[in-house]
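What follows is a set of notes on a single structure, which appears directly below.
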Amino acid sequence: MENKSAAAESLSLGSFVGNPRRTAHEFVRETLREGILRGDLEGGTRLVQADIAHELGVSTTPVREALRDLATEGLVRLDAHRGAIVNKLTFDDLREIVELCRLVEPEAMRQVVEIADDDLVQRARSLAEQMQQETDSARWAELNRAFHAQLVEAIPSQRLRNLLRGLRDSAAPYVALALRHRGDDQFELANEQHGQILEALASGEADRCADLTRTHVDLTLRAIDESRHRFTADSSH
């Protein structure tokens with residue numbers, strides 16, 4: 001229901017406190033993002049600026065800036081009358097987005113292979129290694145999002161880059177929900193596939209990287225299909 005708010009849900013946003021050296025803007029943005037990816041801030045939750053500011057001990061200015069960032073990422077939408085609301089997708093919406101990723105992402109990765117350097121590979125590998133050690137599903141989901149974002153931002157085509165960024169960001173919290181309910185085996189397999197993609201990227205194997213990327217998206221599709229019952233009931237399925 002879209003009339004619920006973060007305060008009404010009695011969420012302890014303070015439990016998601018990150019690196020204290022971050023700016024207030026970054027702190028609020030990452031706290032809210034993690035709450036969304038963890039599934040504590042569900043689709044339809046209204047994010048009241050004053051309530052969030054009070055709970056996190058900041059002014060409303062960094063909250064407003066953080067909500068704008070999350071709207072750009074597709075995690076929330078800004079309504080002129082109701083304020084910020086966590087985006088809610090139906091099962092059909094989500095599956096369509098991931099199917100589009102399956103069509104687009106292999107070609108995108110083929111392009112990335114052509115321009116990838118050691119620095120890009122190392123940054124992505126560092127995130128992949130952190131994922132292998134992570135046991136918290138929400139933090140794993142955020143690392144996973146950052147891993148794929150590193151690769152997306154390297155796509156030479158700006159139109160393709162923007163398209164894929166928008167698709168991945170809008171689906172991120174729902175993909176995290178589906179993965180979380182598949183258990184540890186899902187994370188282990190995803191981590192293994194990340195390593196294979198990096199190997200192909202580092203060795204300049206464009207066709208193999210594209211094939212591995214398609215297989216990786218298929219893993220997400222299976223997780224979504226098996227978690228269909230956990231998504232909003234207004235899907236046509």
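Small disclaimer: the values here were computed from a predicted structure and weren't measured.
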Once side chain to side chain donor-acceptor pair (under 3.5 Å) is applied, do any residues pair with [X], and if so which ones, sequence neighbours excluded?
| X | answer |
| --- | --- |
| Glu99 | Arg95 |
| His216 | His148, Gln193, His194 |
| Glu134 | none |
| Arg123 | Asp119, Gln150 |

inquiry  = Between Arg214 and Asp211, does any side-chain N to carboxylate O distance fall below 4.0 Å?
reply    = yes
Kindly list each side-chain donor-acceptor pair under 3.5 angstrom involving residues 196-203, sequence neighbours excluded, with atom names and distances?
from   : atom 1 : to     : atom 2 : distance (Å)
Ser203 : OG     : Glu199 : O      : 2.8
Ser203 : OG     : Ala200 : O      : 3.3
Ser203 : OG     : Glu205 : OE2    : 2.5

Residues forming a side-chain contact (heavy atoms from CB on, under 4.5 Å) with [X], sequence neighbours excluded:
| X | result |
| --- | --- |
| Ser59 | Thr61, Pro62 |
| Glu107 | Arg110, Gln111 |
| Ala50 | none |
| Ala154 | Val112, Ile115, Leu120 |

request  = Only pairs at least two apart or in different chains count here, so list each ring pair (Phe, Tyr, Trp, His ring centres under 6.0 Å) that has a residue in residues 61-89.
outcome  = none
Main-chain N/O of Trp140 paired to Asn144 side chain as donor or acceptor, under 3.5 Å =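 Between the backbone of Trp140 and the side chain of Asn144 there is no qualifying donor-acceptor contact (under 3.5 Å).
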request  = Output yes when a side-chain donor or acceptor of Thr213 lies under 3.5 Å from a complementary backbone atom of Cys209, and no otherwise.
outcome  =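 Between the backbone of Cys209 and the side chain of Thr213 there is a qualifying donor-acceptor contact (under 3.5 Å).
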Can you confirm whether [X] sits close enough to [Y] that some side-chain heavy atom of one is under 4.5 Å from a side-chain heavy atom of the other?
| X | Y | value |
| --- | --- | --- |
| Ile36 | Val76 | yes |
| Val86 | Glu42 | no |
| Lys88 | Asp93 | no |
| Glu129 | Arg125 | yes |
| Thr31 | Ile52 | no |

Validation: residues 160-168 side-chain donor-acceptor distances under 3.5 Å, sequence neighbours left out:
from   : atom 1 : to     : atom 2 : distance (Å)
Arg161 : NH1    : Ile155 : O      : 2.6
Asn162 : OD1    : Arg165 : NH1    : 2.9
Asn162 : ND2    : Gln158 : O      : 3.4
Arg165 : NE     : Glu153 : OE2    : 2.8
Arg165 : NH2    : Glu153 : OE1    : 3.0
Arg165 : NH2    : Glu153 : OE2    : 3.0
Arg168 : NE     : Glu105 : OE1    : 3.3
Arg168 : NE     : Glu105 : OE2    : 3.2
Arg168 : NH2    : Glu105 : OE1    : 3.1
Arg168 : NH2    : Glu105 : OE2    : 3.1

Inter-residue atom distance [X].[atom1] - [Y].[atom2], 0.5 Å rounding:
| X | Y | atom1 | atom2 | answer |
| --- | --- | --- | --- | --- |
| Gln49 | Glu65 | CD | CD | 10.5 Å |
| Asp69 | Glu30 | CG | CD | 10.0 Å |
| Leu41 | Leu47 | CG | CG | 6.0 Å |
| Leu67 | Thr72 | CG | OG1 | 11.0 Å |
| Arg64 | Leu78 | CZ | CG | 11.5 Å |
| Leu127 | Arg145 | CG | CZ | 12.0 Å |

Residue pair Gln186, Leu219: steps toward the side-chain contact (heavy atoms from CB on, under 4.5 Å) verdict = CA-CA 8 Å; Gln186 179 80 17; Leu219 179 67; 3.2 Å; yes
Can you see which heavy atom on [X] is nearest to which on [Y], and at what distance?
| X | Y | result |
| --- | --- | --- |
| Val98 | Thr220 | CG1-CG2, 4.1 Å |
| Phe147 | Ala124 | CD1-O, 3.3 Å |
| Pro106 | Cys101 | CD-O, 3.7 Å |

message = Evaluate Phe91 against Asp225 for side-chain contact (heavy atoms from CB on, under 4.5 Å), listing each step before the verdict.
response = CA-CA 9 Å; Phe91 172 80; Asp225 286 342; 3.5 Å; yes
inquiry  = Looking at Asp118, I want to see if its CG is surrounded by more than 12 non-hydrogen atoms of other residues, nucleotides or ligands under 6.0 Å.
reply    =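 No, because the 6.0 Å sphere around CG of Asp118 holds 12 heavy atoms or fewer from other groups.
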key: Heavy atoms of other groups near Gln122 CD, more than 12 under 6.0 Å   = yes
message = My understanding is that only residues two or more places apart in sequence, or in another chain, count here; which of them pass salt bridge (Lys or Arg N to Asp or Glu O under 4.0 Å) with Arg33?
response = Glu73, Glu142
message = Within the 3.5 Å criterion, strictly below it, is a donor on Asp218 or Thr215 matched to an acceptor on the partner's side chain?
response =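 The answer is no; no qualifying pair exists.
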